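Keep in mind that what you see is a predicted model, and the values were worked out from it rather than measured.
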Amino acid sequence: MKPGKLDGENLSEQVSLLDKDNSALKRLAHILDLVLQAAMIFTGLGLAILIFTQVVMRYLLDSSFAGTEEAAILLAIWTYFLGMGYATKRRAHIHGGIVSLIVSDPFKIQLIRFIGSIICSIAACVFGYYASKYGFFIIEKGRMSLYLQWPKGLWSAGMIFGFAMMVGYFLIQTVTDFRAMLAAKKQSNSTLNSLIKD
C-alpha cells in the first residue's frame with residue numbers, strides 16, 4: 001500500500017464524518033425551526049380564536065368570561081416572544097442598510113456587521129438578564145392568575161424563552177459575522193496581492 005493513498009482515504013473518511021455531523025446539525029436545526037413555526041402558528045391561531053370567542057360571548061350572548069382575556073394575554077405574550085426569537089433567527093429584525101451605500105470595501109462592511117452583532121448580543125443579554133430576573137421572581141412567588149387560577153409563571157416563561165432564543169441567535173450571528181469578516185479580509189488580501197504582482 002502506498003502511504004499517500006492511505007492518507008487520502010483517511011482524509012476522505014474525516015471529511016465524510018464532518019459532513020455527517022454537519023448534516024445531523026442541519027437536521028436538528030430544521031426540526032427546531034419547524035417546532036418553532038408550529039408553536040407560533042398554534043399561539044397565533046389560538047389568540048385569534050380566543051378573541052373571536054370573546055366578541056361572540058360579549059356582543060351576541062351578552063355574557064363575558066374574564067378568563068378568556070387572561071388566556072388571550074398569555075397567548076399574545078407567547079406569540080410576541082416566539083416571533084421575537086424567530087425574527088432574530090431570520091435576521092428580519094429592524095436594521096439599517098446605509099453602510100453598504102457609504103462603504104464599498106467588503107471587509108469593512110463585514111467588520112461593521114460584526115460590531116453590530118456584538119452590540120445586539122450585549123443588549124439582548126442585558127435585557128434578557130433583567131427579564132429573566134423578573135420572570136424567575138414571579139415563578140418563585142407561585143402566584144396564580146385571578147380568574148383561571150393558572151400559575152403566573154406561564155406568562156413569564158414566554159418572556160424568558162423569547163429572550164433566551166434571541167440571545168442564542170444573536171451569538172450565532174456574531175460567530176457567523178466574525179467568520180465572514182475573516183473570509184472577506186482573506187479575499188481582500190489575496191486581491192491586493194494579485195494586483196501588486198500584476
Side-chain angles (χ1 to χ4, degrees), residues 21-22 24-59 61 63-96 113-179:
D21 290 342
N22 195 15
L25 286 175
K26 285 181 181 178
R27 270 188 267 130
L28 179 63
H30 181 69
I31 290 169
L32 290 175
D33 192 39
L34 290 176
V35 168
L36 180 58
Q37 288 178 13
M40 287 189 305
I41 290 169
F42 173 76
T43 56
L45 285 176
L47 180 61
I49 291 167
L50 272 177
I51 290 173
F52 178 75
T53 305
Q54 280 179 314
V55 169
V56 168
M57 287 178 67
R58 183 173 291 158
Y59 297 109
L61 303 176
S63 68
S64 62
F65 174 58
T68 56
E69 291 178 16
E70 284 183 354
I73 292 170
L74 174 67
L75 288 175
I77 288 172
W78 273 93
T79 301
Y80 175 77
F81 284 106
L82 286 171
M84 180 179 76
Y86 191 72
T88 305
K89 177 193 180 298
R90 303 281 298 187
R91 272 197 135 134
H93 49 278
I94 298 171
H95 59 277
R113 285 187 81 178
F114 174 63
I115 292 169
S117 292
I118 289 174
I119 292 169
C120 288
S121 297
I122 291 170
C125 286
V126 169
F127 291 127
Y129 168 75
Y130 286 109
S132 298
K133 188 176 175 181
Y134 171 75
F136 286 124
F137 170 76
I138 295 296
I139 291 169
E140 286 173 4
K141 288 292 180 184
R143 294 181 180 160
M144 306 299 269
S145 65
L146 190 59
Y147 297 102
L148 294 174
Q149 289 299 302
W150 290 352
K152 285 207 167 203
L154 292 173
W155 283 259
S156 301
M159 180 176 56
I160 295 168
F161 186 73
F163 272 109
M165 283 176 40
M166 193 176 192
V167 167
Y169 286 131
F170 270 133
L171 291 175
I172 291 170
Q173 286 176 15
T174 303
V175 171
T176 303
D177 288 341
F178 180 71
R179 288 180 177 171

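Put simply, NZ on Lys89 and CG on Leu36 are 8.0 Å apart, with the number rounded to the nearest 0.5 Å. Taking CD of Gln173 as the start and CD1 of Ile118 as the end, the distance is 12.5 Å to the nearest 0.5 Å. Here Asp33 contributes atom CG and Lys26 contributes atom NZ; the two are 14.0 Å apart, rounded to the nearest 0.5 Å. Atoms CZ and CD1, on Phe52 and Ile49 in that order, are 10.0 Å from each other to the nearest 0.5 Å. Interatomic distance, Phe136 CZ to Glu140 CD, rounded to the nearest 0.5 Å: 8.5 Å. Ile138 contributes atom CD1, which lies 7.0 Å from atom NZ of Lys152 (distance to the nearest 0.5 angstrom).
Across all non-hydrogen atoms, the minimal contact from Phe163 to Met84 is N-CE, 3.8 Å. When all heavy atoms of Met144 and Gln149 are compared, the closest pair comes out as CE-O, 3.0 Å. Across every non-hydrogen atom of Ala72 and Leu50, the tightest pair is N-CD1, 3.6 Å. In terms of heavy atoms, Ser121 sits closest to Phe170 at OG-O, 3.3 Å. Taking every heavy atom of both residues into account, Gly85 and Tyr169 meet most closely at O-CD1, 3.4 Å. Ser145 and Glu70 get closest at one heavy-atom pair: OG-OE1, 3.1 Å.
For the pair Val175/Leu171, no side-chain contact is recorded, criterion being any heavy-atom separation below 4.5 Å from C-beta on. Looking at Arg143 and Ser156, their side chains never come closer than 4.5 Å, going by heavy atoms from C-beta outward. Within the 4.5 Å cutoff, side-chain heavy atoms of Glu69 are placed close to those of Gln54. In this structure, the side chains of Leu74 and Leu148 stay at 4.5 Å or more apart for every pair of heavy atoms. Side chains of Met159 and Tyr80 form no contact here, defined as non-hydrogen atoms less than 4.5 Å apart.
Side-chain contact, Thr53 with Thr68: no donor N or O sits under 3.5 Å from an acceptor N or O. Thr43 and Thr79 are linked by a side-chain donor-acceptor pair at a separation below 3.5 angstrom, with hydrogens and angles left out of the test.
A donor-acceptor pair is defined here as one N or O able to donate and one able to accept, closer than 3.5 Å; such a pair exists between the side chain of Trp78 and the backbone of Leu154.
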Pair Ile160-Phe81, side chain to side chain contact (heavy atoms under 4.5 Å, CB included): steps then yes or no: CA-CA 9 Å; Ile160 295 168; Phe81 284 106; over 6 Å; no
